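Note that ligands are numbered from 1 as they come in the structure, with each ligand's atoms numbered from 1 the same way. These figures come from a predicted structure and were not determined experimentally.
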Amino acid sequence: MKILAIETSADETGVAIIDASHSTTKFHFDVLGSAVQSQIDMHREYGGIFPTVAKREHARNLVPLLTKALEDAQMYNQVATSLSPETRESVAAIFERNEELGQNFISFIESIDVGAISVDAIAITHGPGLPPALWIGVMFANALSRVLDVPLIPVNHMEGHIYIGLASPSDDKTFEIDRNVFPLLSLLISGGHTELVLSREPLQYEKLGQTLDDAVGEAFDKTARMLGLPYPGGPEISKLAEEVRNGTIIAEPVALPRPMMHDNTCNFSFSGIKTAVMYALKKIPEITDDTRRAFAYEFETAVAEVLYKKTAKALEESNPRAFVIGGGVAANTHIRRVFAEDLQSEFPDVALYLPEKALTGDNALMIAFAAYARTVHSPNPYSTSVTANGNLSIAS
Ligand code: KG4
Ligand code: ZN
C-alpha cells in the first residue's frame with residue numbers, strides 16, 4: 001500500500017511517500033520519497049516558534065516539498081492539465097480560509113499529471129500542535145485527497161513519534177517495525193509534551209503520567225534562553241554539557257533540584273528546575289562560558305535523572321514487553337545514554353527502542369508509518385475530510 005504523508009504541526013514542514021506491507025510479525029516500509037524543511041532559522045530571532053511565521057512558511061514549503069517527494073518517487077510528470085469545474089470549486093471551498101494557498105495548489109495540480117501519482121491514501125497530522133500550522137497541512141491534504149480521489153488517514157503527531165521510534169532502518173530507504181512489542185510503554189518528550197503512555201495493544205493509549213507544568217523541551221529552551229543561548233535550546237545545552245562530560249573542568253559547579261523525583265506518581269514537573277536556574281543566575285554578576293557549561297551540565301543531568309526515575313516507576317507498575325522514547329528531546333545524547341545503560345541493567349527483559357537521531361525531529365515519515373499501522377489495526381482508519389485539533393490527546 002502506498003501512502004503520501006504530510007506533517008505541519010510545528011516548525012518543520014514534511015512530505016513523505018512510502019510503500020508499506022506487513023507480515024504477522026513485522027511492518028515493512030520502503031521510502032519512495034521524503035522531504036523535510038526546517039524553519040528554525042526563521043524562528044530563531046523570536047526565541048521560539050512564532051505561529052504566523054510557521055503558517056506562512058508551511059504554505060510556502062508544501063508545493064516544493066511535495067514536488068521533491070514526487071520526483072524521488074518517480075511520480076512527477078510535468079504536463080499542462082485542467083481541473084473540472086466541480087473539482088476546482090470543491091478545492092476552492094477547502095481553501096476558503098487561505099485563498100492564496102488555494103491558488104498555488106491549483107496551479108501546481110494543473111501543471112502535473114495527477115494520474116502519475118499512484119498512492120492509496122493521504123496521511124495527515126491533525127493534532128496536537130499549533131492550530132494555524134496544522135490547518136495549512138490539513139487543507140492541503142483535504143485538497144489532495146479530493147483531486148487524487150483517495151481517502152485521508154488522520155494521524156496523531158505523538159503516535160508518529162512512537163512509530164518512528166520503533167522503526168529500525170536497514171538503510172535510509174527501508175525500515176522495519178517489530179509488531180511484537182505490546183504491552184508497550186512510551187516516553188514522549190518534545191517541545192510541547194512530556195508523558196508516559198502505556199499501550200496494552202496497538203493504537204490503545206493510557207496515560208500513566210505527564211508534566212504538570214512545562215514540557216521537557218520547553219524547559220531546555222527556556223533555560224538556554226536565560227543562559228543567552230539561541231533557540232532551540234536543547235541542542236545548545238546538550239553540546240555544552242557534553243563538553244563537561246568529556247572532561248572540560250567547570251570552575252564553579254551548581255546544584256539544581258530534581259522536582260517530584262521521589263513522589264508517588266509518574267508525573268513530572270520541570271518549571272521548578274527552570275525557576276531555580278533563574279534565581280541562581282541572579283546571584284551571578286556575569287554569565288561566562290564557564291557559567292553556561294556549569295548550568296547546562298547540571299540542568300541536563302537533573303532532567304535525565306527525573307525522566308529515568310519516573311520511567312523506572314512506570315516500568316515497575318506496568319511490566320511491559322518493550323519501551324520506546326519519542327519526540328525531539330529523544331535526540332539528546334545524555335538522555336539516550338542514561339536510558340541505554342541504566343534501563344538495560346535494571347530492566348534487562350524490557351526491549352529498548354530509540355529513534356534514529358536524524359528522525360527524532362518532526363518529519364512526515366513518522367506520520368506515514370503510524371498511518372499504515374492504523375490501516376492494519378483500526379476498523380475505520382479513513383476519513384473523507386479532516387479538521388485540525390491543536391489539543392488532540394493520544395489517550396482517550
Ligand atoms: O518533537 P519536536 O521536534 O517538536 C515538537 O513536537 O515539539 O521537539 C522539539 C524540542 C525542542 O524543545 C528542542 O529544544 C528539543 O526538542 N531538542 C532537544 C535536543 N534536540 C531537540 N532537547 C534536548 N537535547 C537535544 N539534543
Ligand atoms: Zn514532535
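- For ligand 1, the polar-atom distance check finds an N/O of N332 within less than 3.5 Å of one of the ligand's N/O atoms.
- Side-chain atoms of S9 and E7 include a donor-acceptor pair closer than 3.5 Å.
- No N or O atom of A10 sits closer than 3.5 Å to an N or O atom of ligand 1.
- Remark: distances from the non-hydrogen atoms of E300 to ligand 1 are all 4.0 Å or more.
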Going by atom type alone, with no hydrogens or angles, which donor-acceptor pairs under 3.5 Å involve a side-chain atom of residues 314-329 and a protein atom two or more places apart or on another chain?
| residue | atom | partner | partner atom | Å |
| --- | --- | --- | --- | --- |
| S318 | OG | A314 | O | 2.6 |
| R321 | NE | F182 | O | 3.2 |

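- For an aromatic pair to be called close, the ring centres must be under 6.0 Å apart, and F299 with F220 satisfies this.
- Contacts with ligand 1 closer than 4.0 Å are made by side-chain heavy atoms of D221 only, the backbone lying farther away.
- Environment of NZ in K239: sparse, with no more than 12 heavy atoms of neighbouring residues, nucleotides or ligands closer than 6.0 Å.
- Salt-bridge formation is detected for the pair K310/D263: a Lys NZ or Arg NE/NH1/NH2 atom is positioned less than 4.0 Å from an Asp or Glu carboxylate oxygen.
- Of the N and O atoms on the side chains of T288 and D290, not one donor lies less than 3.5 Å from an acceptor on the other residue.
- Nearest-heavy-atom check against atom 19 (C) of ligand 1 across A224, P235, G326, A215 picks out P235.
- Within the structure, the closest approach of G192 to ligand 1 falls below 4.0 Å when heavy atoms are considered.
- For F369, the ring pair (Phe, Tyr, Trp, His ring centres under 6.0 Å) criterion is met by F29, F175, not counting sequence neighbours.
- The pair E305-K309 fails the salt-bridge criterion, with no side-chain N (NZ, NE, NH1 or NH2) lying under 4.0 Å from an Asp/Glu carboxylate O.
- In terms of polar-atom proximity, defined here as any N/O pair under 3.5 Å, P232 makes no such contact with ligand 1.
- Checked by distance only, ligand 1 and G328 come closer than 3.5 Å through their nitrogen or oxygen atoms.
- Using a 4.0 Å cut-off between a side-chain N of Lys or Arg and a carboxylate O of Asp or Glu, R88 and E110 qualify as a salt bridge.
- Remark: distances from the non-hydrogen atoms of H157 to ligand 1 include one below 4.0 Å.
- Checked against a 3.5 angstrom limit, the closest N/O atoms of H161 and ligand 1 fall inside it.
- Taking distance alone, with nitrogen or oxygen atoms compared against 3.5 Å, E12 stays at or beyond that limit from ligand 1.
- With sequence neighbours left out, R336 forms a side chain to side chain donor-acceptor pair (under 3.5 Å) with no residue at all.
- Classification of E100 and R56 as a salt-bridged pair fails, no side-chain N sitting under 4.0 Å from a carboxylate O.
- Polar contact check, G191 against ligand 1: a nitrogen or oxygen pair lies under 3.5 Å apart.
- Around the Zn ion (ligand 2), the protein atoms of type N, O or S found under 2.8 Å away are H157 NE2, H161 NE2, D362 OD1, listed by chain and number.
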